[in-house]
Amino acid sequence: MNHLLDIRIKNAAPHIFRRPFLSVESNTQMLQIATFFAIGPQIYVDGIIVIDEVQKRPVGRISSKHIISSILDSGYPDCLQKKASQIMDSSVIPLKMDSSMKEALEVFDRTRFAFIPILTKKEDKMDDPDDSFKVVTASLAIRDILPLIAKANLNIPIRELSSQLISIDGKTSIRIALDCMLNNGVRNIGIRQEGFAHGDVESENIGIKSNLPSIINDRKILEFLLSYDGRTVLRKNGIAGLADLNIVDNLDLISATTVKSNTTVSRAAELLMDIHNPCLILEDNEKGEHNYIITPWDIVMKTLLRGKSNN
């Protein structure tokens with residue numbers, strides 16, 4: 001794997017320099033920030049960089065988890081007045097576009113936040129080797145590394161990289177689901193529903209099973225919290241109102257995509273490049289159960305930094 005770790009960011013993920021760079025100033029209010037994460041799969045945002053409005057440098061990072069934690073901690077509607085500087089994770093470590101993938105993964109591993117700003121030189125300084133990298137023009141997320149692994153044709157079976165899938169009943173309240181996510185440090189949870197079928201889709205490595213739990217993630221919960229129905233509940237009953245709402249009747253569930261346990265890591269990376277697949281579920285051929293999950297973090301970190309990380 002060392003040859004992959006030595007690749008420079010600009011060569012490993014050139015597409016990140018062609019897409020819009022999303023950032024907010026440190027005094028931006030929470031509602032504006034949260035909207036980026038709740039738009040849906042059409043505009044998938046892994047995180048937002050917070051820029052100091054005076055010095056124009058990165059001072060923090062915000063994920064959907066930070067938004068949800070702020071809502072739970074501050075309550076509604078007080079949370080809407082929070083500013084980026086009050087919500088963000090300030091352990092931001094910018095990297096240069098010439099930095100290696102190893103450096104990027106070490107930042108992910110150290111901060112447990114797989115999203116970092118990338119610095120480039122000003123256009124009029126590109127040929128000056130002595131000029132420092134000061135301009136933030138891109139961001140690198142864990143999903144941006146999936147194409148690199150997909151192209152590497154790695155034959156590692158994903159059963160060696162999988163994590164235990166946490167599942168809860170569909171009638172469980174949204175509040176309990178949130179606590180489960182935050183307490184276990186996971187973004188995806190399986191939702192069990194009696195008699196629920198996803199359909200009949202089969203292929204060599206991918207399929208949908210009738211006994212497979214649906215999935216919810218932090219983005220789907222945030223999407224509900226910012227919706228008309230969610231804000232109505234919060235306005236009337238506060239955070240406590242989430243304890244009276246079950247998952248299956250209020251959240252937009254995700255049909256989980258399954259893969260066989262011997263699917264290669266490169267094939268799994270290819271499937272996860274589809275933004276409609278937040279994760280993959282391993283199919284247990286012997287028991288017909290689906291108790292293990294593969295996320296972009298598992299694919300990238302456990303493949304390139306074997307034995308150092310889990311999620």
Side-chain angles (χ1 to χ4, degrees), residues 4-39 42-67 69-70 82-148 219 222 273 275 296-297 300-301 304:
L4 296 179
L5 293 175
D6 292 336
I7 299 176
R8 294 183 178 185
I9 292 173
K10 66 180 181 182
N11 298 323
H15 59 282
I16 69 175
F17 301 99
R18 297 192 295 267
R19 68 186 179 200
F21 168 62
L22 295 179
S23 65
V24 296
E25 294 185 344
S26 58
N27 60 358
T28 304
Q29 291 189 332
M30 194 271 277
L31 180 58
Q32 179 181 341
I33 302 169
T35 303
F36 284 111
F37 294 98
I39 290 177
Q42 294 83 3
I43 303 177
Y44 193 95
V45 179
D46 291 283
I48 293 178
I49 302 298
V50 181
I51 303 292
D52 181 273
E53 51 267 31
V54 177
Q55 300 183 13
K56 304 300 179 182
R57 62 181 181 85
V59 293
R61 301 170 293 176
I62 294 176
S63 69
S64 53
K65 178 182 176 181
H66 293 102
I67 302 294
S69 296
S70 179
K82 291 287 185 179
K83 297 180 179 180
S85 58
Q86 298 173 292
I87 303 170
M88 69 184 189
D89 165 34
S90 58
S91 62
V92 60
I93 305 175
L95 291 179
K96 302 174 183 178
M97 61 188 298
D98 284 337
S99 299
S100 67
M101 287 304 304
K102 180 180 179 181
E103 293 175 84
L105 297 185
E106 287 175 345
V107 172
F108 291 167
D109 193 41
R110 184 163 63 253
T111 64
R112 309 304 295 178
F113 193 155
F115 180 78
I116 50 178
I118 304 300
L119 304 177
T120 60
K121 297 180 180 181
K122 293 181 180 179
E123 292 187 5
D124 59 346
K125 298 289 186 179
M126 291 300 292
D127 296 328
D128 185 356
D130 297 324
D131 188 61
S132 61
F133 289 73
K134 295 182 179 179
V135 182
V136 181
T137 57
S139 59
L140 179 73
I142 199 86
R143 296 182 66 89
D144 293 321
I145 306 173
L146 292 175
L148 181 69
R219 296 174 68 93
L222 183 57
M273 286 165 57
I275 59 176
W297 178 278
V300 173
M301 301 300 288
L304 299 182

Just do the side-chain contact (heavy atoms from CB on, under 4.5 Å) check on Phe37 and Lys65 with the steps written out, would you?
CA-CA 10 Å; Phe37 294 98; Lys65 178 182 176 181; over 6 Å; no
Run the side-chain contact (heavy atoms from CB on, under 4.5 Å) test on Arg19 and Ile16 for me, step by step, so that the C-alpha distance in whole Å, both residues' side-chain angles and the decisive distance to 0.1 Å come before the verdict.
CA-CA 6 Å; Arg19 68 186 179 200; Ile16 69 175; 3.6 Å; yes
Steps toward side-chain contact (heavy atoms from CB on, under 4.5 Å) verdict (Lys82, Ile33):
CA-CA 10 Å; Lys82 291 287 185 179; Ile33 302 169; over 6 Å; no
Evaluate the side-chain contact (heavy atoms from CB on, under 4.5 Å) criterion for residues Val300 and Phe108: first the C-alpha distance (whole Å), next the side-chain angles of each, then the deciding distance (0.1 Å), finally the verdict.
CA-CA 10 Å; Val300 173; Phe108 291 167; 5.5 Å; no
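Ile48 CD1 to Ile67 CD1: the interatomic distance, rounded to the nearest 0.5 Å, is 7.0 Å. Separation of atoms CZ (Arg61) and CE (Met88) is listed at 11.0 Å; rounding is to 0.5 Å. Summarising the geometry, atom OG belonging to Ser26 is positioned 3.5 Å from atom CD belonging to Glu53; distances are rounded to the nearest 0.5 Å. Here CE of Met101 is found 3.5 Å from CD1 of Ile145. Values are rounded to the nearest 0.5 Å. Rounding to the nearest 0.5 Å gives a distance of 9.0 Å between CD1 of Ile62 and OG of Ser70. Taken to the nearest 0.5 Å, the CG atom of Asp89 stands 11.5 Å off from the CZ atom of Phe115.
In this structure, the side chains of Val92 and Pro117 come closer than 4.5 Å at one or more pairs of heavy atoms. Using a 4.5 Å cut-off on side-chain heavy atoms (C-beta onward), Arg143 and Ile275 make contact.
Between Val136 and Pro58, the shortest heavy-atom contact is CG2-CD, 3.6 Å. Heavy atoms only, all atoms of each residue included: Ser100 and Leu5 are closest at CB-O, 3.5 Å. The two residues Ser99 and Leu95 have their closest heavy-atom pair at OG-CB, 3.8 Å.
With respect to the salt-bridge test (charged N to carboxylate O, under 4.0 angstrom), the residues Arg57 and Asp52 do not qualify. Checked for salt-bridge contact, Arg8 and Glu103 miss the test: no charged N lies under 4.0 Å from a carboxylate O. A salt bridge is absent between Lys102 and Asp6; no separation between the charged side-chain nitrogens and carboxylate oxygens falls under 4.0 Å.
For Thr111 and Ser91, the side-chain atoms include no donor-acceptor pair closer than 3.5 Å.
Not one N or O on the side chain of Ser69 forms a donor-acceptor pair closer than 3.5 Å with the backbone of His66.
Among Leu140, Asp98, Ile49, Thr137, the single residue meeting the side chain to side chain contact (heavy atoms under 4.5 Å, CB included) criterion with Ile118 is Leu140.
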